[in-house]
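The figures here come from the full heavy-atom set of this structure, side chains too, leaving out hydrogens, waters and symmetry mates.
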Amino acid sequence: SSSSNSSSSSSSRKRRSSSGSERQRLRLRTTSQQQQQSATAKRPDKLNSTMLGQDAYPTSDPNGQHEQDAQQQQSGLGAASPTDVDLNQKEANHKDESYIKPDPNDVERNQSAVSVDSDAGFDDGDPEEAWNSRWSFILAAIGSAIGLGNFWRFPFQAYAYGGGTFFIPYLIALFIVGIPLMQLEMAMGQVFRRAVTQSFGRLHPRFRGIGLAAGMVSFGVVCYYNAILAWGNVMFVKSFYSEMPWDVSNVEGTEVLSKPVDHFVNKVLMFPPSDDHFPRVIPAGLYAGAVFMWASIWLILIKGQDFISKAVWVTVLAPVVMLFVLIIQGATLPGAKEGVKAYIGRWDLSQLSDGNMWVDAFGQIFFSLGTGFGVMPAYASLNPRNSNIIKDAFIVSACNCLFSFLAGFAVFTIIGFFSHETGISIDDLRDEGVLAGGSLAFITYPAGLSMLSGAGGNAMCVIFFIVFYFLGLDSAFSLVEAAVLNMREVAVFARYSRAVLTSAVCAVGFVLTGPYLLDVGSAIVDVVDAYLASLGLLFVGFLECLVAGWVYKKHDSYHQTGTLAGIIFDVGSWVGFFFFTVLSLTLADTGMESGPVIGTSIGVGLIIILGSWVTALLLAKSKLGNANDAAYYLFLHGPDCLKNTINGVITDGAPNNWTINRIWIINLKFVMTPLLFFLLVLRCDTYAESGGPYSSSYPYTYLQVLGLLSFVVVFILFAVGFFFPELYADPKLKVASGKGSTSTN
């Protein structure tokens with residue numbers, strides 16, 4: 001016993017000596033850091049490790065703190081993030097003389113963030129499946145982003161808004177919203193190894209519903225997307241006819257347009273007369289085309305990620321090669337020069353004062369990149385954690401826009417040729433409404449190709465509809481995969497294998513594609529697309545930016561600045577954003593020119609915002625004693641912590657990887673979030689004033705009900721997760737206890 005006590009005493013002295021040496025070393029390091037930063041005082045003195053995403057849990061956990069914190073996370077607002085710890089412990093950290101004030105720019109210290117550390121309660125091991133190479137992931141993401149809109153929407157917008165002038169707001173929108181949002185989605189998926197449901201749910205458990213909402217948008221869109229692709233499949237088969245039904249090579253006068261229009265509307269869609277409100281005809285050919293699309297999707301996805309990694313090398317690169325064939329063919333035709341001039345040859349800079357052009361440019365970027373569907377986080381979750389994801393997001397965004405730009409040449413060289421051969425000016429074609437959307441893809445463009453001599457028309461139509469098929473296929477199977485991966489992140493679906501869920505989604509999807517194939521199917525497509533894609537995507541994108549920029553770490557920010565200062569800052573900011581949005585829309589309705597509308601709206605909004613910011617800063621300074629500290633916690637703390645976590649993970653073992661910077665987080669919080677809010681409210685206001693999208697073209701009440709219902713389902717899926725976050729709990733969440741790790745589900 002005496003020997004044991006002596007040994008114990010000796011060990012105790014050694015530990016105290018070691019502890020004293022360690023404290024001395026830590027004090028020296030702290031002093032050095034403080035001396036380096038004292039000149040600028042960029043970081044608040046009260047910053048602690050839990051606020052930077054550090055491991056909040058001690059190595060040993062005799063009191064079961066892991067389990068308590070995990071239970072708090074499940075409950076919702078009681079925990080601002082998985083890294084929250086008891087506030088008393090935070091104060092104890094400050095009082096501990098060995099405590100080191102962390103530097104948010106110290107990547108080495110911040111790379112072990114609790115949100116991505118399995119020791120902190122989450123099983124974040126390697127995914128069940130993964131991409132077989134980095135470029136397979138990039139190609140798959142490009143294929144998902146590039147879709148039919150790149151071909152039939154972007155070129156027309158460039159032409160409609162003064163040719164090359166449209167590229168000015170388009171590129172600004174790309175760098176302000178497009179690339180940053182793509183980087184956010186991909187980084188969240190890769191760092192947290194989850195799709196949208198749990199990756200953004202890590203920022204706050206009440207926002208897990210974003211993933212189910214995005215999954216619903218993906219699933220809803222792919223149902224009617226395959227109907228559109230079925231139209232293309234029917235046209236593809238008819239491209240082999242010796243005389244194509246839309247061939248206008250030997251037609252003159254008004255029949256030049258009426259013949260292809262009649263074929264598509266009455267022979268392909270079998271659209272009913274204007275006084276017929278309900279479906280009566282079921283075109284069998286379209287169902288065959290839809291079966292082919294869903295079978296293609298199922299066969300690709302059922303074989304697993306390794307097969308998808310190989311398939312994208314064909315499905316993405318093949319349409320690019322064929323697009324160049326169309327461009328080269330078009331460039332050799334008479335009238336091509338006039339078509340290209342209409343596309344980008346004019347620079348009407350007066351269009352820059354048109355607010356609609358800016359709204360459409362930002363909308364085109366947002367909708368064409370594929371953000372908001374949940375695809376990008378799902379795809380990125382299958383990457384290695386330290387893949388160069390910030391650079392990859394830039395590559396995907398740039399390739400998407402480059403394809404849109406090239407598609408414009410393929411479109412307008414043929415449009416110029418068609419105009420030259422028929423004598424109908426391009427402006428007149430615009431007035432006829434056949435230069436955008438389905439009218440371009442199924443009427444004008446095939447008709448233009450049909451005017452090529454000999455079998456050239458057939459060959460070019462075959463190539464065009466192959467491009468059409470591949471463009472749609474990549475997007476379609478990515479939408480299904482995103483829906484499946486997000487579903488598997490909720491306990492009720494996690495019990496099923498990926499193959500079973502994929503088969504079930506494809507089967508249900510085919511059934512739900514049926515209504516879009518009816519004779520009034522094109523009308524249903526238009527209305528549901530307006531509600532589900534336009535409103536739904538803006539809603540999801542806004543929520544993603546909101547939780548990343550305004551909600552994450554809010555609990556810690558309020559603790560540092562004081563609840564009153566935090567509330568004044570947040571409420572004042574959003575009241576200002578709201579007043580700017582509502583006032584700009586109200587003044588626009590009065591007929592005031594866009595310049596005074598924007599100036600007045602910004603002025604009123606800024607007065608409210610700046611007033612709240614100054615008040616909050618004064619209150620926070622009185623508590624913290626330092627204006628820099630107060631400004632940091634009010635303006636930047638949450639997104640700055642997220643930046644440090646992302647950068648720390650993606651540069652672990654890969655220090656040369658691209659990272660996100662302070663400008664990125666300022667843009668996320670104060671530009672992207674209010675901008676998406678503005679676009680969302682603007683779209684709602686437009687629909688409310690007109691009585692619903694396409695209400696004048698399709699005066700059928702049931703169509704508006706179907707469209708509105710689709711968005712309501714998206715909203716409900718998010719709302720359920722917001723009020724009952726435990727329903728969307730991560731099935732892979734593990735709670736560490738004194739006896740080991742057990743699943744909470």
Over all heavy atoms of both residues, which pair between [X] and [Y] is shortest? Give the atoms and the distance, please.
X	Y	answer
N226	A476	OD1-CB, 3.8 Å
L703	V527	O-CG1, 3.3 Å
G448	F417	O-CE2, 3.5 Å
G149	Q364	O-NE2, 4.2 Å
I524	P515	CD1-O, 3.6 Å
P245	K259	O-CE, 3.3 Å

*Picking from I424, D428, T444, what satisfies side-chain contact (heavy atoms from CB on, under 4.5 Å) with V434?*
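Result for side-chain contact (heavy atoms from CB on, under 4.5 Å) with V434: T444.
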_Parallel, tilted or perpendicular, judged at 30° and 60°: which one describes the rings of F405 and Y343?_
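Correct class here is tilted.
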_Geometric class of the F264/W231 ring pair [parallel <30°, tilted 30-60°, perpendicular >60°]_ =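 Rings of W231 and F264: perpendicular, over 60°.
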Do [X] and [Y] get their side chains close enough for a donor-acceptor pair, meaning under 3.5 Å?
X	Y	value
Q704	Y531	yes
S296	Y469	yes
D354	Y161	no
D427	Y159	yes

*Check the pair L440 / F156 against side-chain contact (heavy atoms from CB on, under 4.5 Å), numbers first and verdict last.*
CA-CA 9 Å; L440 171 67; F156 173 75; 6.0 Å; no
Do the side chains of [Y] and [X] get nearer than 4.5 Å, heavy atoms only?
X	Y	answer
M188	P377	no
F219	V480	no
R346	T165	no
L174	Y170	no
F418	L429	yes
F366	T371	yes
L532	V221	yes
M270	L286	no

Is the backbone N or O of [Y] less than 3.5 Å from a side-chain atom of [X], with the two atoms forming a donor-acceptor pair by type?
X	Y	value
E185	G372	yes
N667	I176	yes
N486	A482	yes
N150	A407	no
W246	S450	no
S218	A214	yes
S475	G472	no
N458	S239	yes
S419	I415	no
S144	S478	no

Rounded to the nearest 0.5 Å, what's the gap from [atom1] on [X] to [atom2] on [Y]? Could you check?
X	Y	atom1	atom2	value
T422	M451	OG1	CE	6.0 Å
F718	F539	CZ	CZ	5.5 Å
L449	L326	CG	CG	7.0 Å
L680	S534	CG	OG	10.5 Å
D392	M186	CG	CE	7.0 Å
C461	F240	SG	CZ	10.5 Å

*Walk me through it: do L333 and I414 pass the test side-chain contact (heavy atoms from CB on, under 4.5 Å)?*
CA-CA 8 Å; L333 300 175; I414 298 300; 3.8 Å; yes
*Does F394 CZ have over 12 foreign heavy atoms under 6.0 Å away?*
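Not more than 12 within 6.0 Å, no.
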*Take atom CZ of F715 as the centre, draw a 6.0 Å sphere, and report whether it contains more than 12 heavy atoms from other residues, nucleotides or ligands.*
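For F715, atom CZ is not crowded (no more than 12 foreign heavy atoms under 6.0 Å).
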*Could you check W294, Y224, Y287, Y225 and say which one makes a side-chain hydrogen bond (donor to acceptor under 3.5 Å, both in side chains) with T513?*
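Exactly one pass, corresponding to W294.
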[X] and [Y]: aromatic ring centres closer than 6.0 Å?
X	Y	result
F167	F154	yes
F236	F465	no
F137	Y379	no

*Yes or no on side-chain contact (heavy atoms from CB on, under 4.5 Å) for V217 and L537, after CA distance, side-chain angles and deciding distance?*
CA-CA 7 Å; V217 173; L537 286 179; 3.8 Å; yes
*asked:* For a ring-ring contact (aromatic ring centres under 6.0 Å, His included) check, start with the C-alpha distance between F151 and F468, then their side-chain angles and the critical distance, and finish with the verdict.
replied: CA-CA 9 Å; F151 190 90; F468 192 86; 8.0 Å; no
*asked:* Quick one, W313 with W135, criterion side-chain contact (heavy atoms from CB on, under 4.5 Å). Give me CA distance, side-chain angles, the key distance, then yes/no.
replied: CA-CA 9 Å; W313 287 88; W135 280 102; 3.9 Å; yes
